[in-house]
Amino acid sequence: MSSTLTSRARELDTLHAGTDLRGRFRLPAGVVYLDGNSLGALPVGVAEAVADVVHRQWGNRLIASWNEAGWWGAPTRVGDRLGRLVGAAPGQVVCTDSTTVNLYKAVVAASRMRPDRRVVLTDPDSFPTDLYITDAAARDAGLVVERVPPPEAAGRVAELGDDLALASYSSVDYRTGELWDLPSLTRAVHAVGGLACWDLCHSAGVLDIGLDEHRADLAVGCGYKYLNGGPGAPGFLYVAARHQDAFDQPLAGWNGHATPFAMAPDYVPAPGISRARVGTPHLLGMLALEAALAAYDRVEVSAVRERSLSLTGFFLECLDSLLPQLPVATPREAGRRGSQVSVRHPQAYAVVQALIARGVVGDFREPDIVRLGFAPLYLTHGDVLRAATHLLEVVVGGEFEREEFRTRATVT
Ligand SMILES: *Cc1c(COP(=O)(O)O)cnc(C)c1O
């Protein structure tokens with residue numbers, strides 16, 4: 001391990017000591033966890049909170065907990081807590097369903113808000129579920145999907161003019177970690193009277209998104225990535241207050257009804273963000289997410305972003321010095337980077353497996369990406385250097401060529 005890098009890691013950890021929140025997490029010893037962008041780590045207090053929900057709220061209080069424990073209001077209560085992290089004032093975010101389902105609702109609702117417009121734009125390199133569900137929603141809503149990469153989107157928006165209903169993009173590319181320009185694309189879309197929907201799966205909890213500030217119209221995101229809600233935690237949906245009355249979503253379920261307990265035969269949407277609810281909330285997962293969000297208590301996202309940029313910036317520094325031959329897929333400029341660094345290697349899958357065997361957990365993405373997510377709350381610059389050093393040994397030492405690292409599991 002280079003002694004310059006070692007002392008630099010120490011310096012940076014001292015400089016950023018104020019945002020070292022590792023004590024708020026339960027991580028296994030000896031692991032450098034660089035997969036918090038896929039499944040966040042377990043925050044302290046979540047296991048106890050879930051045990052309380054199971055034993056006391058469910059086991060002892062049974063159905064009384066719908067009122068007593070505030071189960072019914074959990075989607076909007078947790079939604080408001082998520083809202084703080086994505087720059088949304090209360091009353092605009094609901095915690096519900098999965099990102100996939102929320103995106104379906106958002107695309108169809110957007111088409112109904114712009115009934116005379118025909119086109120929805122999305123990124124050809126989107127996370128596949130975004131592509132599949134946008135196609136499916138467009139088919140149901142009578143829209144045409146055009147796949148246009150983010151750098152060309154504003155130009156295409158201007159050409160489409162009043163044919164553009166919706167531009168639906170991720171704020172950070174899940175594969176390369178590139179951060180797209182949400183404010184400027186949103187402005188371009190508004191200039192032609194269209195709507196902008198943002199997928200925040202890889203940005204919520206690690207950078208300032210400023211949904212209200214930048215006048216985003218709609219947004220969706222996951223609870224189980226940087227937000228640490230646990231496996232299968234519900235996602236969220238943002239509908240800007242100014243659009244809520246017109247937000248006519250396709251999944252008219254009883255939880256989104258204006259008077260759900262009147263058991264009326266016909267659907268009347270609830271006022272406000274509650275109309276984005278569908279069926280009975282997945283409470284075990286939602287209340288785990290609520291408890292997990294305590295990891296963000298008394299922390300500003302801007303401070304998390306600062307730490308994140310320092311971690312990813314230092315990782316790039318380590319790569320430059322230890323592995324300059326490895327192509328980096330993530331932009332170097334801080335302003336264009338999310339909270340991950342992806343490198344390319346022809347045997348990326350095997351490299352990731354060899355790293356995992358050494359206690360450095362990242363993931364592989366097709367076709368040749370070694371994806372390393374830097375969840376800022378629980379990683380240090382010391383961890384970053386350890387990860388880079390292991391990567392050096394795996395790649396330069398040829399360890400990835402071992403047979404045992406080549407067999408693919410079901411989940412990669
Ligand atoms: C993780 C991720 C999803 C996952 O969606 P689910 O419905 O939770 O399975 C969707 N979109 C993006 C961009 C993601 O990164």
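Positions are given from 1, in the same order as the sequence printed here. Indexing begins at 1, ligand by ligand and atom by atom, following the structure's order. Here the structure is a predicted model, which means the values were calculated and not measured. Both backbone and side-chain heavy atoms feed into the values below; hydrogens, waters and symmetry mates do not.
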*Kindly check if the number of other-residue, nucleotide or ligand heavy atoms within 6.0 Å of CD (E152) is above 12?*
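Check passes, neighbour count above 12.
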*For W66, ring-ring contact (aromatic ring centres under 6.0 Å, His included) partners two or more places apart*: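 W66 satisfies ring-ring contact (aromatic ring centres under 6.0 Å, His included) with W71 only.
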_Distance-only donor-acceptor check, side chains D212 and Y238, under 3.5 Å_ =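 Checked: D212/Y238 side chains pair up, N/O donor to acceptor below 3.5 Å.
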Distances only, to 0.1 Å: what are the N or O pairs between ligand 1 and the protein that fall under 3.5 Å?
residue  : atom   : partner : partner atom : Å
ligand 1 : 7 (O)  : T99     : N            : 3.4
ligand 1 : 7 (O)  : T100    : N            : 2.9
ligand 1 : 7 (O)  : T100    : OG1          : 2.5
ligand 1 : 8 (O)  : Y224    : OH           : 2.7
ligand 1 : 11 (N) : D130    : OD1          : 2.7
ligand 1 : 11 (N) : D199    : OD2          : 3.2
ligand 1 : 15 (O) : H202    : NE2          : 3.0
ligand 1 : 15 (O) : K225    : NZ           : 2.6

*For the residue pair Y226 and H202, categorise the inter-ring angle as parallel (less than 30°), tilted (30 to 60°) or perpendicular (more than 60°).*
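Y226 vs H202 ring planes: perpendicular.
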*Who pairs with R175 by salt bridge (charged side-chain N to carboxylate O under 4.0 Å, His left out), at least two apart in sequence or on another chain?*
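Expected list: none.
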Sequence neighbours left out, cut at 3.5 Å: what donor-acceptor pairs do the side chains of residues 325-333 make with other protein atoms?
residue : atom : partner : partner atom : Å
T330    : OG1  : T176    : O            : 2.7
T330    : OG1  : S342    : N            : 2.8
R332    : NH1  : D320    : OD1          : 3.4
R332    : NH1  : D320    : OD2          : 3.2
R332    : NH2  : D320    : OD1          : 3.0
E333    : OE2  : R336    : NH1          : 3.0

